[in-house]
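Below: one structure, written as structure tokens.
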Amino acid sequence: MKVGGVARRTIWPAAAADAVWVIDQRALPHRWTEARLASVDDVRQAIAQMWVRGAPLIGAAAAYGMALQCRVNAADAALQAAKLLLDSARPTAVNLAWATQRMLDGLRPVALPDRAEQAWQQAAAIAEEDVTANAAIGRHGLAMLQALARAKPAGAPLQLLTHCNAGWLATVDWGTALAPVYQAQAAGLDLHVWVDETRPRNQGASLTAWELGQAGIQHTVIADNTGGHLMQRGQVDVVIVGADRVSARGDVCNKIGTYLKALAARDNGVPFYVAVPRSTFDASVDDGLAGIPIEARSPRELTHISGLDAQGRLTEVQLTPAGSPALNPAFDVTPARLVSGLITERGIVSADAQAIAYHLK
Ligand code: MRU
């Protein structure tokens, strides 16, 4: 997608193939900062501290982490250790372990002297496939949005609500939940996006709003508690979110607060779609509530907040009384029964075990 008129991706290899560049997303929307990651430890840190975030982007970054490891020591044991190190950075997004496993499987048959070069190519392929998959998600989602728009009175924009950031910043390019939005804009569909702020880290208010603003898409940031109210008043036509992991039967694990949006959507007859590449499905987990690990993040993300002060400096301030404990689970699980459909690169599939198994074959 374009930033200031220039086409950008969230991750790109250094020309000498000795490092990978990313956007340090912690500084957005206030500052554009690029970071050079030159080792597997650098990549782990960037993932754990959320310089890069969003399930597909974490996967692509981890793939490059494996490639960087190959430059130092590409032996099986060293690669296995690098995989464990990277996988431990964030436990919920399955794309991370999916990407490191794919790198491991792809490199094991390769002769040791050729592994570094092969690894670089395999990481690039994972990144490229993400772009292609998300563009296809966008096309399938667009068809669904066009059908919803046709059912509306002429002149009324289609009203979409999204949670967290599942736009291009969360992937290599295009995004998942926002890919249909970008394609809708290109197709000339009149559309407005309600952007959940997404406490505690505010990925909606800071990243989604910034992305949509850069693309010139009509949007309004709302407090996390506002969606249900808007749905009751007929001001939301569809909810689209991304996911960090989808179980075999279609339970959806996504940013904390997604479940409440799905409940409100069901109560108000609003379709609730989840946009995911196939790399986000975890066939080894059936019951998402019991089987998907939920990342516990620092309470400080809740007790403190950062933004620009009057002098334009990035500042952190405390919100809560000193001494009040805070709990910060980063994700929740929306049961499959609340999901209207899963939009993948292959089309739209019901959140149902049999349908998903057939769809993914
Ligand atoms: O904690 P984050 O910012 O990595 O969480 C991101 C999300 O929850 C996204 O919705 C999800 O990863 C899908 S990204 C296309």
Side-chain angles (χ1 to χ4, degrees), residues 1 54 134-171 174-198 202-243 252 254-255 257-276 334 338-344 348 351:
M1 303 301 294
N134 297 333
I137 287 171
R139 289 193 293 276
H140 297 303
L142 169 62
M144 179 272 289
L145 294 181
Q146 284 171 323
L148 288 173
R150 279 195 290 273
K152 285 197 69 142
L158 190 72
Q159 302 264 23
L160 187 144
L161 184 145
T162 193
H163 190 68
C164 195
N165 172 261
W168 73 272
L169 289 171
T171 63
W174 281 107
T176 57
L178 294 191
V181 171
Y182 292 126
Q183 303 249 1
Q185 183 197 36
L189 199 77
D190 189 12
L191 175 128
H192 169 265
V193 184
W194 298 110
V195 178
D196 276 355
E197 60 174 347
T198 318
N202 297 309
Q203 290 95 326
S206 55
L207 303 177
T208 300
W210 181 80
E211 271 195 30
L212 294 174
Q214 288 291 322
I217 291 172
Q218 286 189 77
H219 65 281
T220 306
V221 178
I222 52 173
D224 287 328
N225 305 325
T226 305
H229 167 80
L230 294 174
M231 290 183 210
Q232 286 177 321
R233 278 157 180 73
Q235 290 177 266
V236 180
D237 298 307
V238 60
V239 178
I240 311 184
V241 297
V252 168
N254 190 47
K255 180 55 57 191
T258 301
Y259 171 51
L260 291 177
K261 291 302 132 75
L263 284 173
R266 173 55 55 94
D267 194 42
N268 291 283
V270 174
F272 180 91
Y273 284 95
V274 182
V276 272
T334 298
L338 298 177
V339 176
S340 308
L342 300 157
I343 311 169
T344 81
I348 300 187

How long is the straight-line distance from [atom2] of [Y] back to [atom1] of [X], given to the nearest 0.5 Å?
{"X": "Lys152", "Y": "Asp237", "atom1": "NZ", "atom2": "CG", "value": "3.5 Å"}
{"X": "His140", "Y": "Thr344", "atom1": "NE2", "atom2": "OG1", "value": "6.5 Å"}
{"X": "Gln183", "Y": "Ile137", "atom1": "CD", "atom2": "CD1", "value": "10.5 Å"}
{"X": "Thr220", "Y": "Leu212", "atom1": "OG1", "atom2": "CG", "value": "10.0 Å"}
{"X": "Tyr182", "Y": "Met1", "atom1": "OH", "atom2": "CE", "value": "5.0 Å"}
{"X": "Leu160", "Y": "Leu148", "atom1": "CG", "atom2": "CG", "value": "9.0 Å"}

Quiz item: Looking only at heavy atoms, what is the nearest atom pair of Thr334 and Ala262, with distance?
Solution: CG2-CB, 3.4 Å
Quiz prompt | Minimum heavy-atom distance Trp168-Trp210, with the two atoms named | solution = CZ2-CZ3, 4.0 Å
Donor-acceptor pairs under 3.5 angstrom involving side-chain atoms of residues 265-272: please list them, not counting sequence neighbours.
unit_1: Arg266; atom_1: NH1; unit_2: Arg337; atom_2: O; d: 3.1
unit_1: Arg266; atom_1: NH2; unit_2: Arg337; atom_2: O; d: 2.6
unit_1: Asn268; atom_1: ND2; unit_2: Ala264; atom_2: O; d: 2.7

Quiz item: Is it true that a side-chain atom of Lys261 and a backbone atom of Asp224 form a donor plus acceptor pair closer than 3.5 Å?
Solution: yes
Self-check item: Ile222 side chain near His229 side chain, heavy-atom distance below 4.5 Å
Solution: no
Exercise. For the residue pair Leu342 and Val252, establish whether any side-chain heavy-atom pair is separated by less than 4.5 Å.
Key: yes
Exercise. Keeping to residues at least two apart or across chains, list the side chain to side chain donor-acceptor pair (under 3.5 Å) pairs with something in residues 153-165.
Key: Arg53-Asn165, Gln159-His192, Gln159-Trp194, His163-Asp196, Asn165-Thr208, Asn165-Glu211
Practice problem: Go through the steps to decide whether Leu189 and Leu145 satisfy the test side chain to side chain contact (heavy atoms under 4.5 Å, CB included), and finish with yes or no. | Solution: CA-CA 9 Å; Leu189 199 77; Leu145 294 181; 4.0 Å; yes
